[in-house]
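What follows is one structure encoded as structure tokens, with my remarks underneath.
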Protein chains: 2
Amino acid sequence: MSSKHFSELGDSASRVLDAAEGLIQQQGYNGFSYDDVARLVGIKKPSIHHHFATKAELAAVVAQRYTHRFRSELLIIEGRHAKATDRLLAYAALFEQRYTQDRGLCVCGMLGAEAASLAEPVAAEVQLFFRSNLDWLAAVIKEGQQQGLLRSSVKPAALAEAWHSAMQGAMVLGRGLQSDRGPAQVAKSLLATLLA
Amino acid sequence: MSSKHFSELGDSASRVLDAAEGLIQQQGYNGFSYDDVARLVGIKKPSIHHHFATKAELAAVVAQRYTHRFRSELLIIEGRHAKATDRLLAYAALFEQRYTQDRGLCVCGMLGAEAASLAEPVAAEVQLFFRSNLDWLAAVIKEGQQQGLLRSSVKPAALAEAWHSAMQGAMVLGRGLQSDRGPAQVAKSLLATLLA
DNA sequence: GTCTATACTGAGATAGAC
DNA sequence: GTCTATCTCAGTATAGAC
């Protein structure tokens, strides 16, 4: 089924992925069609099927590529920031960028909300996104506590869960309020309560 | 358009609302159909149209009734708990209940995520939900700070935003992870960092 | 790799009988 | 208030030519 990997894709397949990714962020899995993708890419509907036989496969590869890119951004953060507090803010900035551009949600946040209507391979990719985020955050927070930068009253894994939840929720809230206030603001507030 | 008010509805219209509410929590606005509702209620599709002419109107009334009920639950919390910390945990328990029943999302959280594909009257109802939540939370937190129960390093409105975001996000995260860990856990972690 | 053409299904919605 | 019947359109997907 989802044995396809995004690294093996050609140019127009990548453009299809770009379009689908944007549509999922904006409308969700149930809110976009092959025709929407086709219009954005500038080709016809059956050509989309040529690249991705089913909508589920398309979504799975979108999530897969999204997660891969996100993890590479986490690596960049590690290279750029030493302090845990700075890393947490840079993490929030990743979501903030996507949100402030066009109030786009995190691809996997949107898919997570829709999890009940997703095919299993798609849900599996989404799960990987969340796992890798929580692992990364927990490690950052643990370090921050050991460095004495963050309060140690709560376990790293629990704080990681809370931090990531706050980012996802901030975007949902911002959309619901039709507001430009995004996850960066929430991150700033939360970080103030976490400082040692 | 959405001049209809849920208090003026008869018995079977209420059953239609119940079904639609559950479907929105589970699949989202774009993920359910009039036929799904009809099957759940045990009547035929055109009968749904008799009660709610359009899908947008149905969703708007669902959101309206949901917000109304939610606010009444907030009043109950005020009557049952005096301390701000207890109120915050009871608030989280509202979401926890919905989540643990069948991993259902907050109706307005789901609709907020889908805001880009909602008709304006629906989006307006959703906005009211978030506003009333933030107002209530900010008041509770302000009191908690004045009572000396919560740290005062961050403004009540900002903490309210963070708290609510964390609840919404916790449910998205739980779904994405296919896990039963819900907003109550996140609330517990966050509260520990907020204690004075 | 892209197209036209087309199948098939389900969607939201209306007409009109009971 | 509920039904049958029907409309119209959009959705996913396939066949087969270029």
Side-chain angles (χ1 to χ4, degrees), chain A residues 1-2 4 6-24 26-63 111 114 116-122, chain B residues 1-4 6-24 26-63 111 114 116-123:
Chain A
M1 220 320 112
S2 169
K4 191 164 286 187
F6 69 90
S7 65
E8 300 160 341
L9 298 175
D11 229 47
S12 46
S14 294
R15 262 177 287 129
V16 169
L17 279 187
D18 293 340
E21 181 174 318
L23 285 164
I24 290 174
Q26 222 59 45
Q27 329 260 211
Y29 180 82
N30 289 321
F32 84 98
S33 72
Y34 265 44
D35 227 15
D36 296 329
V37 177
R39 267 189 292 269
L40 280 173
V41 176
I43 57 182
K44 299 291 175 177
K45 199 165 41 161
S47 308
I48 311 294
H49 280 284
H50 173 76
H51 296 291
F52 303 95
T54 67
K55 198 183 175 186
E57 188 189 331
L58 171 56
V61 180
V62 166
L111 293 176
E114 292 178 298
S117 26
L118 298 181
E120 204 283 315
V122 187
Chain B
M1 219 321 109
S2 167
S3 57
K4 191 164 287 187
F6 70 89
S7 65
E8 300 160 340
L9 299 176
D11 229 49
S12 48
S14 294
R15 263 177 285 130
V16 169
L17 279 187
D18 293 340
E21 182 175 315
L23 284 165
I24 290 174
Q26 222 59 44
Q27 331 259 225
Y29 181 82
N30 289 323
F32 84 99
S33 73
Y34 265 44
D35 229 14
D36 295 330
V37 176
R39 268 189 292 269
L40 280 173
V41 176
I43 57 181
K44 299 290 175 178
K45 192 164 54 157
S47 308
I48 311 294
H49 280 284
H50 173 75
H51 295 291
F52 302 95
T54 67
K55 198 184 176 187
E57 188 189 331
L58 171 56
V61 180
V62 165
L111 292 176
E114 291 178 297
S117 26
L118 297 181
E120 204 282 316
V122 188

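Sequence lines set the chain letters: A, B, ... in the order given, protein chains first and strands last, and positions in each chain run from 1.
- A:Asp35 places its CG atom 16 Å from the C1' atom of C:dT9, with the value rounded to the nearest Å.
- Atom CD of A:Glu114 and atom CD of A:Gln27 lie 10.5 Å apart (nearest 0.5 Å).
- When rounded to the nearest whole Å, the span between NZ of B:Lys44 and P of C:dG12 equals 17 Å.
- B:His49 pairs by the ring pair (Phe, Tyr, Trp, His ring centres under 6.0 Å) definition with B:Tyr34, not counting sequence neighbours.
- At a threshold of 4.0 Å, the pair A:Asp36-A:Arg39 counts as salt-bridged, since one of the basic side-chain nitrogens sits closer than that to a carboxylate oxygen.
- Residue A:His49 contributes atom NE2, which lies 17 Å from atom P of C:dT6 at whole-angstrom precision.
- Protein atom OH of B:Tyr34 is 8 Å distant from nucleotide atom C1' of C:dG12, rounded to whole Å.
- To the nearest 0.5 Å, atoms CD1 (B:Ile24) and CD (B:Gln26) are separated by 11.5 Å.
- For the pair A:Lys45 NZ and C:dT6 P, the interatomic distance rounds to 14 Å; values are reported in whole Å.
- If you check every strand for non-hydrogen atoms under 4.0 Å, B:Phe32 touches sugar and phosphate atoms only.
- Summary of the strand contacts: A:Lys55 and B:Asp11 both lie near DNA chain D, and taking for each the nucleotide with the nearest heavy atom, the more 5' one is attributed to B:Asp11.
- Residue B:Ser33 places none of its side-chain N or O atoms closer than 4.0 Å to OP1 or OP2 of C:dG10.
- Here the side chain of B:Lys55 pairs a donor or acceptor atom with the backbone of B:Tyr29 at under 3.5 angstrom.
- Bracketed by its first and final contacts, the part of DNA chain D lying under 4.0 Å from non-hydrogen atoms of chain B reaches from D:dG1 to D:dA5 in 5' to 3' order.
- Within the model, atoms OG of A:Ser12 and CZ of A:Arg15 stand 5.5 Å from one another, a figure rounded to the nearest 0.5 Å.
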